[in-house]
Q: 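The structure that follows is given in the form of structure tokens.
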Amino acid sequence: MPRSPEESAPDRGDGVEDLIGIGFGPANLALAIAIDEHNRRAPAEALRVGFVERQERFGWHRGMLLEGATMQVSFLKDLVTMRDPRSRFTFLTYLQERGRLADFINLRTFYPTRVEFHDYFEWCAAEFAGRVGYGRRAVEIRPVETGGRIGAVDVVTEAAADGAGRQVRRARNIVVGTGLRPRLPEGVTAGERVWHTRDLLHREPQLTERRHRRFTVVGAGQSAAEAVEHLYRTYPDAEICAVFSRYGYSPADDSPFANRIFDPSAVDDFYAAPQSVKKSLLDYHANTNYAVVDGDLITSLYRTLYQDRVSGRERLRILNTTRLTGVEHTPDGARALVRNLATGEEYALESDAVVLATGYTHVDPRELLGPLAPACLTDGDGRLRVDRDHRILTSDHVDAGIYLQGGTEHTHGITSSLLSTLAVRSGEICDSLLLRRTGRQLHADLAGDQDERIGAAAR
Ligand code: FDA
């Protein structure tokens with residue numbers, strides 16, 4: 001692919017970038033594409049952008065790239081199609097370049113495997129390798145003040161591996177796309193044999209025993225069900241205990257009317273709605289995304305359970321209505337302490353490993369924003385106020401833009417941390433950057449005219 005016009009775009013003489021993206025997951029990758037496409041269309045108006053990513057190379061939930069696991073979103077909701085189906089970064093173009101277009105069509109599915117979609121993401125990310133500081137963690141954002149106004153910020157990064165080599169890059173805008181943080185049950189610490197699902201495939205190779213007795217998986221969502229299936233298949237000697245407080249796995253509502261909650265237009269509807277309606281919508285449609293499992297996977301697990309019964313070797317144990325009360329690290333594994341919520345019975349599950357499929361939690365960007373945090377406006381519940389263009393609303397003296405990709409469920413709805421609207425959201429952020437730059441230029445030009453007039457009058 002040809003060189004991006006952005007790479008040769010002159011800076012405005014001040015060494016300040018238009019945008020630095022923090023994190024280079026699918027969200028900021030989609031933004032990199034949207035900006036690249038703008039830069040090609042309008043080279044004279046090119047935006048100078050860079051990204052920092054703490055991983056050593058692009059990776060999308062690598063620890064959960066389980067064999068056969070499929071996407072929960074249509075391939076048509078790739079990084080570009082919903083904004084511009086003619087983009088050269090569509091999943092279909094990727095398939096064509098990989099020589100699999102006809103083969104994929106014959107599969108007759110909208111849901112590729114995660115392994116394949118990861119490869120698609122990597123194919124896109126390769127295009128921007130020169131724009132991404134891999135292996136660098138953003139640790140601090142410092143406001144840059146001139147004449148009482150904050151027109152830019154310094155993004156301080158260090159080597160993710162050892163915290164060495166601090167570097168500072170200045171930008172007029174930042175976009176925080178750092179994703180979610182794994183959530184562990186209270187009082188539980190991860191360790192050699194206690195893993196969050198995020199680390200499943202990274203940790204597994206550390207198991208050195210030939211035979212395995214038992215794995216305990218805690219949780220009832222998609223990742224939990226996938227982990228159960230994966231462990232059952234991978235360790236034929238082991239018993240797999242699925243521990244959750246529900247009575248059974250519940251199916252994800254992916255029916256067409258409910259699915260419209262993931263449409264770009266739903267973001268407009270949600271944004272404009274009063275707080276009470278926002279809350280109701282999130283409650284009504286939580287079962288499209290949270291603590292639910294793909295229907296086919298539920299059926300497959302149930303078949304496995306039944307087949308075990310037929311064979312008389314019950315390797316899959318569903319410990320429903322059961323809560324994890326603690327985890328102890330043992331010399332050769334981990335002990336899951338559980339309580340049956342119906343009977344009150346408490347017991348321990350000696351395990352080769354305890355896998356915590358206990359979800360993720362939102363990270364407040366103010367942790368990173370440091371001295372800029374008090375300039376961010378908040379609502380009555382202390383949550384960030386975010387403009388429709390995904391920019392945090394700030395006090396008047398802040399001209400630098402702080403955009404969010406994720407962490408905006410309370411303002412923009414359920415797609416905030418998902419893939420569904422990345423293509424459109426990236427276009428919106430790109431448009432906002434351009435609009436605000438034009439506004440600043442006009443402002444500066446007007447101020448310049450005024451200076452000239454004042455100068456002429458003084459002469
Ligand atoms: P993501 O977490 O992917 O990326 C954030 C990046 O920021 C990471 O690469 C991280 O290393 C980096 N980072 C964090 N802090 C940093 C710092 N201080 N400095 C530098 N870099 C930093 N959604 C969906 O719509 N359909 C689906 O099929 C799935 N499937 C799915 C499977 C699994 C196993 C999980 C865990 C999640 C999903 N999701 C999903 C939801 C998921 O959140 C979504 O797919 C994307 O990961 C969101 O992309 P982001 O770029 O926002 O975050």
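Atoms within each ligand, like the ligands themselves, are counted from 1 in listed order. These numbers were taken from a predicted model, which means no experiment stands behind them.
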Q: Mind listing the closest non-hydrogen atom pair of G25 and E53 along with its distance?
A: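 In this case the closest contact between G25 and E53 is N-OE1, 4.0 Å.
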Q: Could you check whether any side-chain N or O of Q222 sits under 3.5 Å from a backbone N or O of D294, counting only pairs where one atom can act as donor and the other as acceptor?
A: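 Yes.
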Q: Determine whether the side chains of Y403 and S432 contain a donor N or O and an acceptor N or O closer than 3.5 Å.
A: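 The answer is yes; a qualifying pair exists.
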Q: Which heavy atom of the protein is the closest neighbour of atom 16 (C) of ligand 1, given with residue, atom name and distance?
A: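 It is T178 CG2, 3.6 Å.
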Q: Please check whether G59 reaches ligand 1 - meaning an N/O of the residue sits under 3.5 Å from an N/O of the ligand, judged on distance alone.
A: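 No - when backbone and side-chain N and O of G59 are compared with those of ligand 1, no distance drops under 3.5 Å.
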Q: Can you tell me how far CE of M71 sits from CZ of F91, rounded to the nearest 0.5 angstrom?
A: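 That separation rounds to 9.0 Å.
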Q: Quick one: does G177 get within less than 4.0 Å of ligand 1, heavy atoms only?
A: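 In this structure, G177 qualifies as a contact of ligand 1 - some heavy atom is under 4.0 Å.
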Q: Looking only at N/O atoms, are P26 and ligand 1 under 3.5 Å apart anywhere?
A: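 So ligand 1 has an N or O lying under 3.5 Å from an N or O of P26.
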Q: So which heavy atom in the protein is nearest atom 21 (N) of ligand 1, and how far is it from that ligand atom?
A: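 Result for atom 21 (N) of ligand 1: R54 N, 3.2 Å.
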Q: Based purely on interatomic distance, does Y360 place a nitrogen or oxygen under 3.5 Å from a nitrogen or oxygen of ligand 1?
A: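 Among all N and O atoms of Y360, none is under 3.5 Å from an N or O of ligand 1.
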Q: Please report which non-hydrogen protein atom sits nearest to atom 25 (O) of ligand 1, along with the residue it belongs to and the distance in Å to one decimal place.
A: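 It is L419 N, 2.8 Å.
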Q: For ligand 1, indicate whether the residue K77 contacts it via side chain, backbone, both or neither (heavy-atom separation under 4.0 Å).
A: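 Within the 4.0 Å criterion, K77 makes no contact with ligand 1.
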Q: Examine ligand 1 and decide if any of its atoms is less than 4.0 Å from a heavy atom belonging to E226.
A: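 Heavy atoms of E226 never come under 4.0 Å of ligand 1.
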Q: Looking at atom 18 (N) of ligand 1, what's its closest protein heavy atom, distance included?
A: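 Nearest neighbour among protein heavy atoms for atom 18 (N) of ligand 1, to 0.1 Å: A138 O, 3.1 Å.
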Q: Give the residue and atom name of whichever protein heavy atom lies nearest to atom 51 (O) of ligand 1, and the separation in Å to one decimal.
A: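 Of the protein heavy atoms, A27 N, 2.9 Å lies nearest.
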Q: Report yes or no: does Q72 contribute a side-chain atom to a donor-acceptor pair with the main-chain N or O of T70 at less than 3.5 Å?
A: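 Yes; at least one donor-acceptor contact below 3.5 Å.
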Q: Tell me the closest heavy-atom pair linking T216 and S351, and the distance in Å.
A: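 Minimum heavy-atom separation between T216 and S351: OG1-OG, 2.8 Å.
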Q: Please say whether N28 places an N or O atom under 3.5 Å from an N or O atom belonging to ligand 1.
A: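 No - when backbone and side-chain N and O of N28 are compared with those of ligand 1, no distance drops under 3.5 Å.
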Q: Backbone N or O of R385 within a donor-acceptor pair of the D379 side chain at under 3.5 Å?
A: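 Answer holds: no.
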Q: Measure from atom 35 (C) of ligand 1 to every heavy atom in H61, Q55, E367 and give the option owning the shortest one.
A: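 Result: the heavy atom closest to atom 35 (C) of ligand 1 is in H61.
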Q: Identify the protein heavy atom lying closest to atom 29 (C) of ligand 1, giving its residue, its atom name and the separation to 0.1 Å.
A: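 Closest protein heavy atom to atom 29 (C) of ligand 1: W60 CZ2, 4.0 Å.
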Q: Kindly say whether R142 contributes a backbone atom to a donor-acceptor pair with the side chain of D154 at under 3.5 angstrom?
A: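 It does not hold such a pair.
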Q: Can you name the atoms of ligand 1, numbered from 1 with element, that are less than 4.0 Å from a heavy atom of V52?
A: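 Heavy-atom distances to V52 below 4.0 Å select 20 (C), 21 (N).
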Q: What residue among R88, R83, R86 forms side-chain hydrogen bond (donor to acceptor under 3.5 Å, both in side chains) with E37?
A: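 When side-chain hydrogen bond (donor to acceptor under 3.5 Å, both in side chains) is applied between E37 and each of R88, R83, R86, only R83 qualifies.
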Q: Using a 4.0 Å cut-off to any heavy atom of R136, which atoms of ligand 1 qualify?
A: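 Those of ligand 1 that fall under 4.0 Å from R136 are 20 (C).
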Q: Within the distance-only criterion (no hydrogens, no angle test), does the side chain of R62 pair as donor or acceptor with the backbone N or O of F58 below 3.5 angstrom?
A: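 Yes, because the side chain of R62 sits within donor-acceptor range (under 3.5 Å) of the backbone of F58.
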Q: Closest non-hydrogen protein atom to atom 1 (P) of ligand 1, residue and atom name please, with distance?
A: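 For atom 1 (P) of ligand 1, the nearest protein heavy atom comes out as G179 CA, 4.1 Å.
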Q: Taking NZ, NE, NH1 and NH2 as the nitrogens, is one of them in E186 or R323 under 4.0 Å from a carboxylate oxygen of the other?
A: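 Salt bridge: no.
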Q: Taking 4.0 angstrom as the limit and counting only heavy atoms of M71, give me the atoms of ligand 1 inside it, by number and element.
A: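 Selected atoms, number and element: 28 (O).
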Q: Donor-acceptor pair, R193 side chain versus D352 backbone, under 3.5 Å?
A: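 Checked: pair present.
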Q: Between ligand 1 and S417, is the shortest N or O to N or O distance under 3.5 Å?
A: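 Yes, since at least one N or O of S417 sits under 3.5 Å from an N or O of ligand 1.
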Q: Tell me: protein heavy atom nearest atom 9 (O) of ligand 1, and distance?
A: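 Its nearest protein heavy-atom neighbour is E53 OE1, 2.8 Å.
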